[in-house]
Amino acid sequence: MLHQETAPSRVATHHISTRLRPGDARGHGSRPPTVSPAGQGLWVSLGGVPVKLLEFDGALREIMDRATSVGASPLGVCSANLDHILHFGAGSRWMGAMAEHASVEWLTLLDGAPLVAEARRLTDQPWPRLAGSDLVEPLLDEAERRGLSVGFLGGTEQAQELIRSRFAAERPDLAIAGWWAPERSVISDEQASLELAAQISATAPDILVVGMGKPRQELWVSKYGRLTGAKILLAFGAVVDFLAGRIRRAPSWISSHGFEWAWRLMLEPRRLARRYLVDGPEAYLKLRQVSAAEVPPTALPAGRKPEDSIIAPAPINNQAPQPFLPAEARAEVAAIVVTYNNADDVGPLISSLRAMTGEQTMKVVVADNSPDDRTMIELGKHSDVISLRTGGNLGYAGGINAAMRVAGPADAYLILNPDLRVEPGAVAALRRRMRLSHAGAVVPVLLENDGSVYRSLRREPSVMRALGDAALGSHLRRRPAWLSEMDFDVEGYQYAHRIEWATGAALLISDEAAQAVGEWDEQFFLYSEETDYCHRLREAGKSIWFEPTARMWHEGGGSGTSPQLTALLSVNRVRYAAKHLGRSRALFFRAAVCAAEIARINKPGHREAARALLRKQLWQTLPHATRSPGLSKGLPTGAVIIPAHNEEKVIGRTLDSLKDVIGTGSVDVIVACNGCTDDTESIASQYRGVKVLHVKEASKTAALNAADDATELWPRLYLDADVELNSEALHAVFKALEAGPLLAARPAFRYDTSGASVLVRAYYRARNRIPGNAQGLWGAGVYAMNAHGHERLGEFPALTGDDYYVDRLFQPAEKAVLATDPVVVRTPRSSRALLAILRRTYRGNQQQGPTRGPLSTSSGAATSTARTLQELAVSVRGPVSACDALVYAAFAVIGRCGAFFTGRASSSWERDESSRQ
């Protein structure tokens, strides 16, 4: 509903006296506050919000000078209080949004007693509060004197009618441009807001008073203010109610003591209780933590115009659709789609994408996880679509990785669910937002079949948010952001802004961001893979934006649901917490998620989820990556885990030995870089199909456990980074563990002593002659377990000698050394290097149980000292073997003594560098 009236413009001048304070004051422990370009007022950052400190008359003069200037950009004026910091301060949803839209230039003034106190602390001088309710009457006085027209936007029709009656008596000469009291549905609609701005512009207001409440008024002014034609836009919140007399101002003695908030809370407890009692403490904490002196807000990026910030609904594209490009050609957008039994969905999706090829060059890549040929047959009807079978069900992350490997070059990659329908102009809007905001990724608004907005935006998972969602679910949607992972706020889906992550149904990723982040983490299979990917995007310094003018319809085909998928959803949330939150917080997070499932245990799927969360052994029974029979081309299935600490010299040759299985999809090859300070991580990342984990702690145990959490495949082979393993030996080990009854196994091995000293070669010749050394899982730098064997292990303990520890878990009938092509173990080249390895090995054995004597084998064999002596004596066949036995015994004694004197508490990690040359 709107009312308009116009009055002839009159020109008048009125001098405003100024009482500006000096601009050279210093803050406590910070750099000097920044003097504004005009030399009037100071710029500071309060809670992350740029605020200009001005005296009352100085603020009036600056606003009115802009109102009468010619050719200047529109000026938006607002007052910063704790509520403003909550919405626009550091870490908030709308942080930087006012400057990002840049449709108007903003002047943010000081308001609220806590902000006044903080400004005084920073500048060593007092500053007045400049609330909109204090400024509006003097500004109207100046407008009346100068003959400027004023429009009023916001509030109710009843409140506006009261103001009209009051002004008729008190301000008969004030030129009123018009009155607009739009419904909230108008403000939240793009097209309706554009029409409203055009109506206001037709009345040519000089000043527009906007009272819609935070953050709605600032967001609307930022985006549409320039289109209203007003030179000044006063975002003054409840000022309409103050002007109408519906809200009484606090007595001066209350305001002067900083208790106006209590007065307003008393008058409007239902409306303001949350602002002052729930959100206020959070904003105050932010004010105290991140306030500092700061320069004025930066200008727009080079080449960007203010009008670029207004992204109107896309016009109808009349250009004829073009064919999709082939993989080898560079496209502006490569659409990546993962399907699973989506034969009925892919046709409509491809048609909606084809309609946009007139706006940008595109290619479409579909990775099919389906167990049958129906989806591939449907895709065969589109000859220019790049389609591939993954050879099984690799999950969403695995399918994306498979498609990305064949997609070829593109400026951006658009990840899409197969059950989406893309509206005309949506892809172009995503690309435009990516360009304007320099975003690493952009997500669209998702619409349900009935046209309602799907709440797809999310916040970073935390323990408190998990507790809030566990207790409240989708109830009490207006609860604080720190109590919900989901973003329920209506404004969050109406304006472009930074986000932390969103559901992975649609995501446009820049080529630069995709290169920086690498492959999607396939341990999640389905659910939480987008949470993890967005987390890594932010860690790489790439921002993620939401663009509401890009609209996509979610038809709901998807991958369906089941009790196991419900359980997997919760389990993967816990996997994510384990990866990113740290051990202690992950335990609390798991407890919160488990409590939520138990509270909903009578609903379908939640019983299974609760059981899975309580028993980690059940995780392997949940949906995970699988290969279809007949499609694996005889390749083994399982995982190869390689812990690596500063292994840049050898990791390449180890991965080269696995080149026949890397990237096949049947074997996960995982390099867990723990505490690396060299190029190990970058070298391993060059192998397409290898998962590279970054483990901060320089710990082999931490690397092994992190890699275990990163795969769902069984069996698992643990391989030292300096040991070479061929695919035939790997296949034999996996086959033996798949068939049973073995729980653990390793391949045969051989020592490569080339380049070693005479004594080292003698030691290893004697070692080869001792039968006990060839019967354990230790000593070869490689061993494997199936799922049942790993259950006995649980997690790797913080002990040196993981192979010795694992060997002692199994009885002789449960483990085996297989007659395979031997793996290559390069021995130390010098006596000093060999002794270092022996000291480490014996010390590790001491940590795990009673010592075995100085003549036990160098890897801590389970045989007794007497048995070792006996086998060593039997191995003597002549003078050469006798000398070898003496050398072996000498090294064993010296190594054992060295381990004894360094003690169990030694934190040193001896390693052989001579074999790594």
Side-chain angles (χ1 to χ4, degrees), residues 78 83-84 86-89 92-98 100-101 153-156 180-197 210-225 235 237-238 270-275 278-279 282-283 310-313 423 429 433 442-459 465 468-469 472-503 505-506 544-554:
C78 66
D83 192 40
H84 191 87
L86 179 76
H87 292 297
F88 297 98
S92 66
R93 178 199 289 116
W94 305 112
M95 180 182 66
M98 293 165 66
E100 175 65 29
H101 288 295
L153 172 64
T156 64
W180 297 269
E183 298 289 340
R184 186 167 182 173
S185 58
V186 173
I187 299 301
S188 62
D189 182 81
E190 181 89 20
Q191 188 59 45
S193 290
L194 291 171
E195 293 173 359
L196 174 61
V210 184
M212 302 178 185
K214 294 181 183 294
R216 196 176 307 115
Q217 61 192 13
E218 286 83 1
L219 295 172
W220 195 93
V221 168
S222 293
K223 190 170 184 180
Y224 304 105
R270 294 188 61 182
R271 188 173 75 87
L272 299 178
R274 176 182 170 178
R275 177 191 299 183
V278 179
D279 296 335
E282 178 185 354
I310 304 168
I311 301 182
E423 274 197 4
R433 173 53 57 195
V442 189
V443 301
V445 63
L446 300 180
L447 303 174
E448 301 280 17
N449 283 331
D450 60 1
S452 60
V453 174
Y454 173 66
R455 303 300 189 226
S456 61
L457 305 185
R458 301 288 188 271
R459 305 181 182 97
R465 285 170 179 159
D469 290 335
L472 301 172
S474 60
H475 303 289
L476 197 61
R477 294 189 171 192
R478 296 189 69 249
R479 61 183 180 266
W482 49 270
L483 276 179
S484 179
E485 188 176 318
M486 295 186 67
D487 186 347
F488 293 109
D489 287 353
V490 175
E491 280 77 20
Y493 297 86
Q494 295 171 356
Y495 298 94
H497 63 284
R498 287 175 185 256
I499 62 170
E500 293 182 333
W501 68 280
T503 54
I544 308 166
W545 278 76
F546 169 72
E547 178 48 59
T549 63
R551 293 156 50 97
M552 300 186 186
W553 292 78
H554 193 266

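Keep in mind it's a predicted model, so treat the numbers as computed, not measured. The figures here come from the full heavy-atom set of this structure, side chains too, leaving out hydrogens, waters and symmetry mates.
Annotation: side chain of R93 is in contact with side chain of D487 (closest heavy-atom distance under 4.5 Å). Taking the side chain as every heavy atom from C-beta outward, F546 and R433 never approach each other to under 4.5 Å. Using a 4.5 Å heavy-atom cutoff, the side chains of H554 and S456 are not in contact. Residues R184 and V490 are in side-chain contact: their nearest non-hydrogen atoms beyond the backbone lie under 4.5 Å apart. Using a 4.5 Å heavy-atom threshold, the side chains of Q494 and P548 count as separate. Proximity of R458 to M486: side-chain heavy atoms (C-beta onward) are separated by under 4.5 Å at one or more points. Counting heavy atoms from C-beta outward, L86 and P215 have side chains that stay 4.5 Å or more apart. Side chains of R455 and V453 form a contact here, defined as non-hydrogen atoms less than 4.5 Å apart.
Rounding to the nearest 0.5 Å places OH of Y454 at 12.5 Å from CG of L447. To the nearest 0.5 Å, atom CG of residue L457 and atom OG1 of residue T503 are 8.0 Å apart. Expressed to the nearest 0.5 Å, how far CH2 of W553 lies from CG of L446 amounts to 11.5 Å. Atom OH of residue Y495 and atom OG of residue S188 lie 8.0 Å apart, to the nearest 0.5 angstrom. With rounding to the nearest 0.5 angstrom, the CG atom of L196 is 5.5 Å from the CG atom of L153.
At distances below 3.5 Å, not a single donor-acceptor pair connects side-chain atoms of R459 with backbone N or O atoms of E500. Counting only distance, with no hydrogens or angles, the side chain of R498 and the backbone of S92 share no donor-acceptor pair below 3.5 Å.
Of the listed residues (H87, H84, E491), just one forms a side-chain hydrogen bond (donor to acceptor under 3.5 Å, both in side chains) with K214, and that residue is H84.
Shortest non-hydrogen contact noted between Q217 and A235 is NE2-O, 3.4 Å. In this structure, A506 and M552 approach most closely via the heavy-atom pair CB-SD, 3.7 Å. Across all their heavy atoms, G89 and M95 have their closest contact at O-CB, 3.4 Å. Minimum interatomic distance between G154 and P182 (heavy atoms only, all atoms of both residues): N-CD, 4.3 Å.
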- Would you check, one step at a time, whether the test side chain to side chain contact (heavy atoms under 4.5 Å, CB included) holds for F88 with L219? CA-CA 10 Å; F88 297 98; L219 295 172; 4.2 Å; yes
- Query: Does the pair K223 and S193 meet the rule for a side chain to side chain contact (heavy atoms under 4.5 Å, CB included), with working shown?
  - Reply: CA-CA 10 Å; K223 190 170 184 180; S193 290; over 6 Å; no
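Note: H497 and W94 have tilted aromatic rings, judged against thresholds of 30 and 60 degrees for the angle between ring planes.
A salt bridge does not link D489 to R216: none of the charged nitrogens lies less than 4.0 Å from a carboxylate oxygen.
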